[in-house]
Amino acid sequence: MTDHVQEQEMEIEALEAILMDEFKEIHSGESGLNTSKRCFQITLSPQDDDPDQSTTTPVLLGLIFSHTEKYPDEPPLLNVKSIRGVHTSDLKILKEKLEQEASQNLGMAMIYTLVTSAKEWISERYGQDADADNDEEEESTKDEVIVPHGEPVTVDTFLAWRERFEAELALERAKLMPESALTAPKEKRLAGRQWFESGRATMKGATHVNEESDEEDDDEIDFDDDDFEDDEEDMLEHYLAEKSDSSTHSSKRAA
């Protein structure tokens, strides 16, 4: 016949020798257990520091137990409480975990096994390494946030840019035309596009303009060249008119 009382006393002596100041007997009224038998509390923390060093240990857990009459052939009475920093929801989870492990270790002294399991759990949940990982995760999340800069591209802004580009392109084409084209009668004068496409421009100028034209053909918005023909001709005529007036004034001054 098993002597449960002797086994229980031997386990208490072993726990006192191993845990020392972390182990103490408490009044049954403080235990939260429904018993009048002896109750004990074991203080646990995520670190290996002295639990009395409250300034350096942010989390402290109290594991409370009491032997039942037939322990270890039946589970002990268990309770957990927060001495400092442990959430109530976590206490419930840990208590259920320890009760399940106790039922799996029947027939042998199990309190120290439960202490080890509780210490591992609280270290994973509240340890400094876990906090550091969370901080790194938050920092990496902040780094991944991309704040957009600049003006968003819309159809209106693109059309405005395209109009400016066409105007600049027309002036560049006009500058490549020879002086003879400026003094020719209007009815015989080639338009800027006609003169440019006729191959009379220099190879350097033609290559430069053709490259820009090819880039524009790749745009997703398709525009018909006729849409810009009138504006381009007007700008070209205006430019040629200014050049003709300038040439006339220069000839008069020379005369």
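Hydrogens, waters and symmetry mates play no part in the numbers below; they use all other heavy atoms, side chains included.
Proximity of a side-chain donor or acceptor of Ser28 to a complementary backbone N or O of Ser36 within less than 3.5 Å is not detected. Here the side chain of Lys119 pairs a donor or acceptor atom with the backbone of Ser45 at under 3.5 angstrom. In this structure, the side chain of Glu11 engages the main chain of Ile111 through a donor-acceptor pair within 3.5 Å. A donor-acceptor distance shorter than 3.5 angstrom exists from the side chain of Gln8 to the backbone of Tyr71, with no hydrogens or angles considered.
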Exercise. Does the pair Glu163 and Phe165 meet the rule for a side chain to side chain contact (heavy atoms under 4.5 Å, CB included), with working shown?
Worked result: CA-CA 5 Å; Glu163 184 176 351; Phe165 176 79; over 6 Å; no
Problem set entry | side chain to side chain contact (heavy atoms under 4.5 Å, CB included) evaluation trace for Thr88 with Lys92 | CA-CA 7 Å; Thr88 303; Lys92 181 179 179 181; over 6 Å; no
Exercise. Yes or no on side chain to side chain donor-acceptor pair (under 3.5 Å) for Thr43 and Glu22, after CA distance, side-chain angles and deciding distance?
Worked result: CA-CA 5 Å; Thr43 303; Glu22 297 178 7; over 6 Å; no
Exercise. Hey, mind stepping through Lys95 and Asn79 against side chain to side chain contact (heavy atoms under 4.5 Å, CB included) and telling me if it holds?
Worked result: CA-CA 6 Å; Lys95 183 179 179 181; Asn79 192 21; 4.1 Å; yes
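Contact record, Leu114 with Ala102: CD2-N, 4.0 Å, taken as the closest heavy-atom pair.
In this structure, Gln41 CD and Cys39 SG are separated by 10.5 Å, a value rounded to the nearest 0.5 Å. Remark: Leu78 CG to Glu99 CD distance equals 6.0 Å, nearest 0.5 Å.
By the salt bridge (charged side-chain N to carboxylate O under 4.0 Å, His left out) test, Glu25 pairs with Arg38, sequence neighbours left out. Scored by the side chain to side chain contact (heavy atoms under 4.5 Å, CB included) test, Leu91 finds Leu61, Val80, Ser82, Val86 as partners (sequence neighbours excluded).
Under the 4.5 Å side-chain criterion, counting only non-hydrogen atoms from C-beta, Asp73 is not in contact with Leu106.
Using cut-offs of 30° and 60° for the angle between ring planes, the His87 and Tyr126 rings count as tilted.
Under the 4.5 Å side-chain heavy-atom criterion for Ile, Leu, Val, Met, Phe, Trp and Tyr, Phe23 and Leu63 are members of the same hydrophobic cluster.
With salt bridges taken as basic N to acidic carboxylate O contacts below 4.0 Å, one links Lys97 and Glu101.
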